[in-house]
Undergrad: 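Mind looking over this structure? Questions follow.
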Amino acid sequence: MTAQISYADVEVGTELPAQTFPVTRATLVRYAGASGDFNPIHWNERFAKEVGLPDVIAHGMFTMAEAIRVVTDWVGDPGAVVEYGVRFTRPVVVPDDEQGAVIEVSGKVAVKLDDNTVRVDLLAMSAGQKVLGMSRAVVRLS
């Protein structure tokens with residue numbers, strides 16, 4: 001695959017299509033099985049509260065992975081991501097109900113770099129709070 005977005009067609013400030021990602025307890029169980037991360041803060045409400053959390057929380061790496069989907073969907077090629085990093089600022093609390101939680105992600109081109117690359121800054125929110133800080137990806141465009 002190659003990036004479907006042309007470097008020449010992108011300017012600083014170009015906004016990526018925002019997306020929302022639902023997260024339920026079932027989502028967390030599936031992620032735990034796939035990742036091998038069975039920490040009880042991600043599935044056991046009693047344990048999560050005993051260690052001071054408000055409820056079960058989503059895995060940080062899961063949250064990070066959902067956020068980068070805004071970039072990979074926009075560019076059309078996951079292999080176009082050259083760098084990606086975040087700071088985990090707040091957990092995504094996932095209640096035990098039918099709705100669960102929602103991660104809302106938006107992004108925009110912050111800097112045009114050399115070699116057909118751009119830096120995309122992402123904003124990831126859940127329940128009105130920023131859940132990822134310094135969320136940035138460097139992406140190689142066509």
Side-chain angles (χ1 to χ4, degrees), residues 1-45 47-49 51-142:
M1 297 176 82
T2 59
Q4 298 173 1
I5 304 293
S6 169
Y7 182 82
D9 293 337
V10 173
E11 299 299 329
V12 170
T14 298
E15 293 187 14
L16 284 62
Q19 295 187 50
T20 58
F21 304 99
V23 186
T24 64
R25 295 279 178 97
T27 308
L28 299 182
V29 170
R30 287 191 298 273
Y31 182 82
S35 69
D37 182 352
F38 294 101
N39 186 324
I41 64 172
H42 303 303
W43 57 270
N44 184 315
E45 184 174 335
F47 183 85
K49 288 181 176 180
V51 298
L53 295 168
D55 207 333
V56 165
I57 62 169
H59 303 72
M61 296 302 284
F62 171 82
T63 303
M64 187 178 176
E66 291 291 74
I68 196 66
R69 288 175 56 190
V70 167
V71 175
T72 59
D73 288 354
W74 172 68
V75 77
D77 178 9
V81 177
V82 176
E83 293 178 28
Y84 179 44
V86 306
R87 289 196 179 141
F88 301 107
T89 56
R90 286 192 168 75
V92 174
V93 178
V94 182
D96 188 15
D97 59 21
E98 295 302 315
Q99 290 79 28
V102 174
I103 303 169
E104 302 167 18
V105 184
S106 60
K108 68 179 172 182
V109 174
V111 181
K112 288 185 83 167
L113 304 165
D114 297 329
D115 197 25
N116 283 12
T117 60
V118 297
R119 189 187 85 210
V120 175
D121 291 353
L122 297 168
L123 175 62
M125 306 280 293
S126 184
Q129 296 188 318
K130 189 174 177 180
V131 295
L132 299 176
M134 300 294 291
S135 184
R136 297 176 171 173
V138 175
V139 185
R140 180 161 288 112
L141 304 178
S142 62

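What you see below is based on every heavy atom in this structure, not just the backbone, and it leaves out hydrogens, waters and symmetry mates.
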Undergrad: For Ile103 and Val105, which heavy atoms make the closest approach, and how far apart are they?
TA: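 Where Ile103 meets Val105 most closely, the heavy atoms are CG2-CG2, 3.8 Å.
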
Undergrad: Treating Lys112 as the side-chain partner and Val10 as the backbone partner, does any N or O pair qualify as donor plus acceptor under 3.5 Å?
TA: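 Looks like yes, one N/O pair under 3.5 Å.
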
Undergrad: For the residue pair Val94 and Gly100, what are the closest heavy atoms and their distance?
TA: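 Heavy atoms of Val94 and Gly100 come nearest at CG1-CA, 4.3 Å.
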
Undergrad: Can you tell me which residue pairs pass the side-chain hydrogen bond (donor to acceptor under 3.5 Å, both in side chains) test with a partner in residues 96-107, sequence neighbours excluded?
TA: none

Undergrad: To the closest 0.5 Å, what do you measure between CZ (Arg25) and CG (Asp55)?
TA: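 Atom-to-atom, Arg25:CZ and Asp55:CG are 4.5 Å apart.
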
Undergrad: Can you give me the closest heavy-atom contact between Met64 and Leu132, atom names plus distance?
TA: CA-CD1, 4.2 Å

Undergrad: If I take atom OG1 from residue Thr27 and atom CZ from residue Phe62, how far apart are they, to the nearest 0.5 angstrom?
TA: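 Nearest 0.5 Å value for the OG1-CZ distance: 5.5 Å.
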
Undergrad: Please find the pair of heavy atoms, one from Trp74 and one from Val120, that lie closest to each other, and give the distance.
TA: CZ3-CG2, 4.2 Å

Undergrad: Any chance you could measure Thr63, atom OG1, to Phe21, atom CZ, to the nearest 0.5 Å?
TA: 11.0 Å

Undergrad: Looking at every heavy atom in both Tyr84 and Ala67, which two are closest together, and how far apart are they?
TA: OH-CB, 3.6 Å

Undergrad: Classify the ring geometry of His42 against His59: parallel below 30°, tilted from 30° to 60°, perpendicular beyond 60°.
TA: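 The rings of His42 and His59 lie parallel, inter-plane angle below 30°.
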
Undergrad: Taking side chain to side chain contact (heavy atoms under 4.5 Å, CB included) as the criterion, tell me which of Asp115, Val118, Leu113, Val81 meets it with Arg140.
TA: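 The side chain to side chain contact (heavy atoms under 4.5 Å, CB included) with Arg140 is passed solely by Asp115 among Asp115, Val118, Leu113, Val81.
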
Undergrad: Which atom names give the shortest non-hydrogen contact between Val51 and Ile41, and what distance separates them?
TA: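 Of all heavy-atom pairs spanning Val51 and Ile41, the closest is CG2-CG2, 3.9 Å.
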
Undergrad: Only one of Leu123, Ile57, Val86, Val92 clears side chain to side chain contact (heavy atoms under 4.5 Å, CB included) with Val131; which?
TA: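 It is Val92; the other options fail the test.
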
Undergrad: Report the residues that fulfil side-chain contact (heavy atoms from CB on, under 4.5 Å) with Lys108, sequence neighbours left out, ordered by chain and then residue number.
TA: Glu15

